[in-house]
J.: 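I'd like to ask you about the structure that follows.
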Amino acid sequence: MKYNFNEIEAKWQKYWAENQTFKANNDSDKPKYYVLDMFPYPSGAGLHVGHPLGYIASDIYARYKRHQGFNVLHPQGYDSFGLPAEQYAIQTGQHPAITTETNIATYRRQLDQIGFSFDWSREVRTSDPKYYKWTQWIFIQLFNSWYNNDTDKAASISSLVSVFETEGNAKVNAACDDAVKVFTSEDWKGYTSEQQQAILLQYRLTYLAETEVNWCPKLGTVLANDEIVNGVSERGGYPVVRKKMTQWSMRISAYAERLLQGLETIDWTDSLKESQRNWIGKSVGASVVFKVIETEVTPSLDVNDTHLEANRNSHDIEVFTTRPDTIFGVSFMTLAPEHDLVSKITTQAQKAEVDAYIQATAKRSERERMADVKTISGVFTGAYVEHPFTKAPIPIWIGDYVLASYGTGAVMAVPCGDQRDYDFAKYFNIEIPNIFDGADISEMAFTDKNNTKIANSDFINGMNYKKATQRVIYELEQLGQGKGKTNYRLRDAVFSRQRYWGEPFPVYYKNGMPQMIADEHLPIQLPEVEKYLPTETGEPPLGNAKTWAWDTIANAVVENIKIDMETVFPLELNTMPGWAGSSQYFNRYMDAQNDDAICSKEAMNYWEQVDLYIGGSEHATGHLLYARFWQKFMFDKGMVNHDEFAKKLINQGMILGTSAIVYRVAGTNQYVSKGLKENYEVEALRVDVNMVNASDEIDIEALKNWLPQFNDAEFILEDGKYFVGREVEKMSKRWFNVVNPDNICKEYGADALRLYEMFLGPLEQYKPWNTSGITGVHGFLKKLWKLYYDDNGLKVTDAQPTKDNLKTLHKTIKKVQEDIENFSFNTSVSTFMIAVNEFNTQKCTSRDVLQPLLVLISPYAPHISEELWHALGNEASISTAVFPVFEASYLVESSKEYPISFNGKMRFKMELPLDMTKDEIEKAVLANEKTQQQLQGREPKKVIVVPGKIVNIVG
RNA sequence: GCUGAAGUGGUGGAAUUGGUAGACACGUUGGACUUAAAAUCCAAUGGCCAUUAUGGCCGUGCGGGUUCAAGUCCCGCCUUCAGUACCA
């Protein structure tokens, strides 16, 4: 019988689907295990061989856990809202739902042919109204919540309202907008409903606010910080500018500290945790208030602009510093050009110069400002602040090295202790007082805070950094001009997108204030639009919808013409960002068909949280941070029972493409083989890798037919062959280096694909795909097959296994089990190859070892294992089989080949019984002829014997 | 700059955590089978030297160190990749 993999794989895939072999049960007595993949965005290009890498790894683990007796949840779905489908819709008019549906069908076919053990009965699609109903629902819960810093958790907004009604907001310690004003209970009761709603918006966990956003004109939408790479959009690489817009935001900053602390409790990779720590960017220091000296200040200050901070006036400048100990080294103050106070404090004399500077910096895009960090620029405002302790006047400057978006947008400049302040001071000839004992600051600032004592600093002279910091904070508190403060870089996340293909908000507007639609009317479904572009007035695409208004009597979406602002109101035109749908899908899988809740309490109590999550590290500061935020919120609200959603996370690396390059002689249609290209002036062109064989030789006829430009090309050959150059880069259509798993499955089989992807190298690593190597694992599968079948049929017998048979089997069990548990799937493949070779050499036919061998291999190569498993007479699927138990006794040997070393260098080997004592071993080795030969009559100085391992003779 | 990861044959990568470096596979070379190709099988394959079998020397990015023994541990460099960056 021949190994007909195509037939076998189709047969068992059908069997698994029909028998729902991998359906997970929500009420089982077995222990549970939840293995999750990052669900894919179904793009039009389909899967390439790089995509399934992580899925194969998680599938091996899931199948292994099933063999270990766990009830395994291994679901899959689609993150099906997103830009490409919408871009395609704009170009073709095709509804994104249709494209998405087609793409999903392709993905499903491709995934199925690889033989994954997914429980498809729990499939979710983020663009499915049945699913996004719950995304909308969570949005409403966030809207109806605020963050109480005293209890350190989210609480319902109604609890906040009752505090306002009884005592105002003076004692409320909330994560809220900085601009919140103090009011009493009487004030509160006197406010109109709109005023009250406006105040509550400043507390809600999702709120509407005018924010400076990253606007991408080309995409016509705002982008989150993590969607921008090097100043251009991650998708498409278009320029991004800053722009003020009214947007929904998520108050993720409220959770900054808990997101940081939570990292300690989860088993994620260090690099990923570090990325998140950097992104959260905690820094501890102090906030200091500097009072503007009033001489020239324009009198038209807004006296009503009171801040929660006591003692603060509108013409005070608050700064954040991590070095309060250097406060006596302050010689100027720098404000960001965008700082609110700039226009208020600038003197008449400096006004023209300041305005010119602000205009110049505003013109420069963020990108230019980032690229150009060396140029020092700034301008004096003419105003001064008073030093809190010395009362000396300190000049206020503006400089674009200060960022409006970090801290307070103002810094106290200490040129002797900070290099940027130093450079600025040198450039503008500002004084640089030295406050470090013995430090040399003639060339550069002294930034080493741990190796100096403070000098020239009044009450902190002679103190170290730590003591001085404490003292300065204490003194500032006494003055009411500062306090210890922790600052986070993490910004609130903008949650609005001016796109069509995303979750609509369950929000309508009444008197300009947002109103939530009640839970029972969800989902609010995406309306039909005539075109997917922004409207002529610049509104988002939903502005094109004719039926997009909320009738508060009928509780239904109705036609826009019915809007009367009495009972029918306009609906929100923005949609939610890509990360909305992916921030809670892992909980939905636990109970995917539930219409009454995201997940029932019972299901939640059973599955608890994801035990193993496998996905790419590119989501470190996006999805993985937002999902943790939502999970913590849901935990606060008692919807889930863990405040981290994934216990363990592994980042799979990427499989890269190996592009093929031909060299065209400049200005001709001649192509020169790689080895001869040095003799010509050439330009490199990428060609389809599928025309190139394993030795880098290209099929010239195929190339000629590939594109018209090659039809009458001439080739300069080496040894009658044309060799291409190679380049390792991301697999992408534009480099013609995409390898399609469909072709691999057809030619070598899914099992070969699975084994080979694992064999390529460690899971976490980036590695190039090279199709020629697959013959190795393909050959292994054929050998495996031949171990069970020869020309006469099945050759497995009931013969007693030999000692050697058992030794090979148990060696393999031990190694494979260790490998799977350590996620070193690459080395298991080698282990299987060695085992099969050994069984071949042993001429093993014994069912007692060949049957357990199949179970070991089945997580990796499920189809062939299932086929042979049934051929051996088993009725049920191999996935119900128990993983063989390792018995150490089979590996015990009575003797071993000892390496005998001289001065650490191995010289020869010697067979010695393992039960010998140290002394006996030493004696035996010294008595050996070869040892004597090596010693040449000398006495050894020392003999080191490590029983079972090595003998080393020092002489 | 900072943070994280990593440097082992022509290539992908192993090495039981300090104990025979290069498993396994690709590629290459030679051979068998075949009219031929494919497939399959066998042999060789880190470098250098020697050879009648046996052998010898050098080798895990570089330079030191610890140790009977270092790819592995310590110190100091170099390089590559990834993330992040005027963060006060």
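Reminder, nothing fancy here: chain letters follow the sequence lines and each chain counts from 1.
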J.: Does the gap between the ring centers of Y748(A) and Y756(A) come in under 6.0 Å?
T.: no

J.: Between N651(A) and T269(A), do the side chains contain a donor N or O and an acceptor N or O under 3.5 Å apart?
T.: yes

J.: So which protein nitrogen or oxygen atoms get under 3.5 Å of nucleotides 69-72 of chain B's nitrogens or oxygens?
T.:
none

J.: Quick one: ring pair (Phe, Tyr, Trp, His ring centres under 6.0 Å) partners of Y488(A), sequence neighbours excluded?
T.: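 Not a single residue meets the ring pair (Phe, Tyr, Trp, His ring centres under 6.0 Å) criterion with Y488(A).
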
J.: Just do the side chain to side chain contact (heavy atoms under 4.5 Å, CB included) check on Y788(A) and L853(A) with the steps written out, would you?
T.: CA-CA 11 Å; Y788(A) 294 78; L853(A) 179 69; 3.8 Å; yes

J.: Of all the choices, A88(B), C86(B), U40(B), which nucleotide is nearest to the side chain of T321(A) once you look at every atom?
T.: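 From the listed options, A88(B) comes nearest.
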
J.: Out of U84(B), C24(B), G19(B), which has the shortest distance to the side chain of F759(A)?
T.: C24(B)

J.: For V954(A), answer base if it contacts any base atom (sugar-phosphate contacts may also be present), sugar-phosphate if it contacts only those atoms, and nothing otherwise; contact means non-hydrogen atoms under 4.0 Å.
T.: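 Contact class for V954(A): sugar-phosphate only.
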
J.: Using a heavy-atom cut-off of under 4.0 Å over every strand shown, decide if N487(A) touches base, sugar-phosphate, or nothing.
T.: nothing

J.: When the P atoms of G71(B) and G18(B) are compared, how many Å lie between them, rounded to an integer?
T.: 13 Å

J.: So does R420(A) get a side-chain nitrogen or oxygen closer than 4.0 Å to the phosphate oxygens (OP1/OP2) of C87(B)?
T.: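 Yes, within the criterion.
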
J.: Going by number, which of residues 266-276 of chain A have a non-hydrogen atom under 4.0 Å from RNA chain B?
T.: S271(A), E274(A), S275(A)

J.: Select from S283(A) and G773(A) the residue whose nearest nucleotide in RNA chain B is closer to the 5' end of that strand.
T.: G773(A)

J.: Tell me whether U11(B) sits syn or anti, counting syn as a glycosidic angle within 90° of 0.
T.: anti

J.: Using whole Å, what does the distance between atom C1' of nucleotide G83(B) and atom CG of N278(A) come to?
T.: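 That distance rounds to 8 Å.
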
J.: Salt bridge check: are R277(A) and E264(A) linked by an N-O gap of less than 4.0 Å?
T.: yes

J.: What integer number of Å spans the C1' atoms of G22(B) and G10(B)?
T.: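 After rounding to an integer number of Å, I get 14 Å for this pair.
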
J.: Please classify the nucleic acid contact of K909(A) as base, sugar-phosphate, or nothing, using heavy-atom distances under 4.0 Å.
T.: base

J.: Using the C1' atom in both, what is the distance from G9(B) to A44(B), to the nearest Å?
T.: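 Per the computed distance, 15 Å lies between those C1' atoms.
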
J.: Using atom P of each nucleotide, how far apart are U72(B) and G64(B) to the nearest Å?
T.: 14 Å

J.: Please determine whether a side-chain nitrogen or oxygen atom of K767(A) lies at a distance below 4.0 Å from atom OP1 or OP2 of G12(B).
T.: no

J.: Any salt bridge (charged side-chain N to carboxylate O under 4.0 Å, His left out) involving residues 812-822 of chain A? Give me the pairs, sequence neighbours left out, ordered by first then second residue.
T.: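 Qualifying pairs, neighbours excluded: K814(A)-E818(A), K815(A)-D819(A).
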
J.: For C75(B) versus U3(B), give the span between their P atoms, rounded off to a whole number of Å.
T.: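 About 15 Å, rounded to a whole number of Å.
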
J.: Sequence neighbours left out, what pairs pass side-chain hydrogen bond (donor to acceptor under 3.5 Å, both in side chains) with at least one residue falling in residues 407-420 of chain A?
T.: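 Only D418(A)-R420(A), Q419(A)-D423(A) qualify under side-chain hydrogen bond (donor to acceptor under 3.5 Å, both in side chains).
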
J.: Give me the distance, rounded to whole Å, that separates G61(B) from A53(B) when you measure between the C1' atoms they each carry.
T.: 39 Å

J.: For U66(B) versus C73(B), give the span between their C1' atoms, rounded off to a whole number of Å.
T.: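 So the two C1' atoms sit 8 Å from each other.
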
J.: Using a heavy-atom cut-off of 4.0 Å across all strands, would you classify T775(A) as base, sugar-phosphate, or nothing?
T.: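 The answer is sugar-phosphate, as T775(A) gets under 4.0 Å only of primed atoms, P, OP1 or OP2.
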
J.: What protein N or O atoms touch nucleotides 41-46 of chain B N or O atoms at under 3.5 angstrom, if any, and at what distances?
T.:
none

J.: For H778(A) and F5(A), I'd like to know if the aromatic rings sit close, meaning centre-to-centre distance below 6.0 Å.
T.: yes

J.: Run the side chain to side chain donor-acceptor pair (under 3.5 Å) test against D340(A) and tell me which residues pass, sequence neighbours left out.
T.: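 For D340(A), no residue satisfies side chain to side chain donor-acceptor pair (under 3.5 Å) once neighbours in sequence are set aside.
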
J.: Between U8(B) and A23(B), how far is it from one P atom to the other, in whole Å?
T.: 16 Å

J.: List in chain and number order the residues that pass side chain to side chain donor-acceptor pair (under 3.5 Å) with T812(A), two or more places apart in sequence or in another chain; answer none if no residue qualifies.
T.: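 With neighbours one apart ignored, the set is empty.
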
J.: Tell me, which pairs form a salt bridge (charged side-chain N to carboxylate O under 4.0 Å, His left out) where one or both residues lie in residues 823-839 of chain A, sequence neighbours left out?
T.: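 Of all non-adjacent pairs touching residues 823-839 of chain A, those that pass salt bridge (charged side-chain N to carboxylate O under 4.0 Å, His left out) are K811(A)-E838(A).
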
J.: Has the side chain of T658(A) got a donor or acceptor atom that lies under 3.5 Å from a matching backbone atom of N770(A)?
T.: no

J.: For K273(A), which residues count as a salt bridge (Lys or Arg N to Asp or Glu O under 4.0 Å) partner, sequence neighbours excluded?
T.: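 K273(A): no salt bridge (Lys or Arg N to Asp or Glu O under 4.0 Å) contacts found.
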
J.: Just label G30(B) as syn or anti from its O4'-C1'-N9-C4 or O4'-C1'-N1-C2 angle, using within 90° of 0 for syn.
T.: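 Because its glycosidic torsion lies more than 90° from 0, G30(B) adopts the anti conformation.
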
J.: Which part of the nucleic acid, if any, lies within reach of L760(A) when heavy atoms closer than 4.0 Å are counted: base, sugar-phosphate only, or nothing?
T.: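 Sugar-phosphate, no base atom in range.
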
J.: Donor-acceptor pair, R754(A) side chain versus Y860(A) backbone, under 3.5 Å?
T.: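 Yes; judged by distance alone, with no hydrogens or angles, the pair exists.
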
J.: Among residues at least two apart in sequence or on other chains, which ones pass side chain to side chain donor-acceptor pair (under 3.5 Å) with S253(A)?
T.: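 So S253(A) forms a side chain to side chain donor-acceptor pair (under 3.5 Å) with D492(A).
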
J.: What contact category does S901(A) fall into here, base, sugar-phosphate, or nothing, at under 4.0 angstrom with non-hydrogen atoms?
T.: nothing

J.: Quick one: do the N737(A) and S659(A) side chains pair a donor with an acceptor below 3.5 Å?
T.: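 Present: a donor and an acceptor within the cut-off.
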
J.: Any side-chain N or O of Q765(A) under 4.0 Å from OP1/OP2 of G13(B)?
T.: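 For G13(B), OP1 or OP2 has a side-chain N or O of Q765(A) closer than 4.0 Å.
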
J.: Between C24(B), A85(B), A88(B), which nucleotide gets closest to the side-chain atoms of V411(A)?
T.: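 Nearest to the side chain of V411(A) among the choices is A88(B).
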
J.: In dot-bracket form, 5' to 3', how is RNA chain B paired? Count Watson-Crick and G-U wobble pairs only if both distances fall under 3.5 Å, and write | where the partner sits on another strand.
T.: (((((((..(((......[....)))((((((.......))))))((((.....))))..(((((..]....))))))))))))....

J.: Roughly how many Å is it from CG in N826(A) to C1' in G12(B), rounded to a whole number?
T.: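 Distance, rounded to whole Å: 10 Å.
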
J.: Mapping P768(A) and D418(A) to their closest nucleotides on RNA chain B, which lands nearer the 5' end?
T.: P768(A)

J.: Using a cut-off of strictly less than 4.0 Å, decide whether R907(A) has a side-chain nitrogen or oxygen near OP1 or OP2 of U20(B).
T.: no

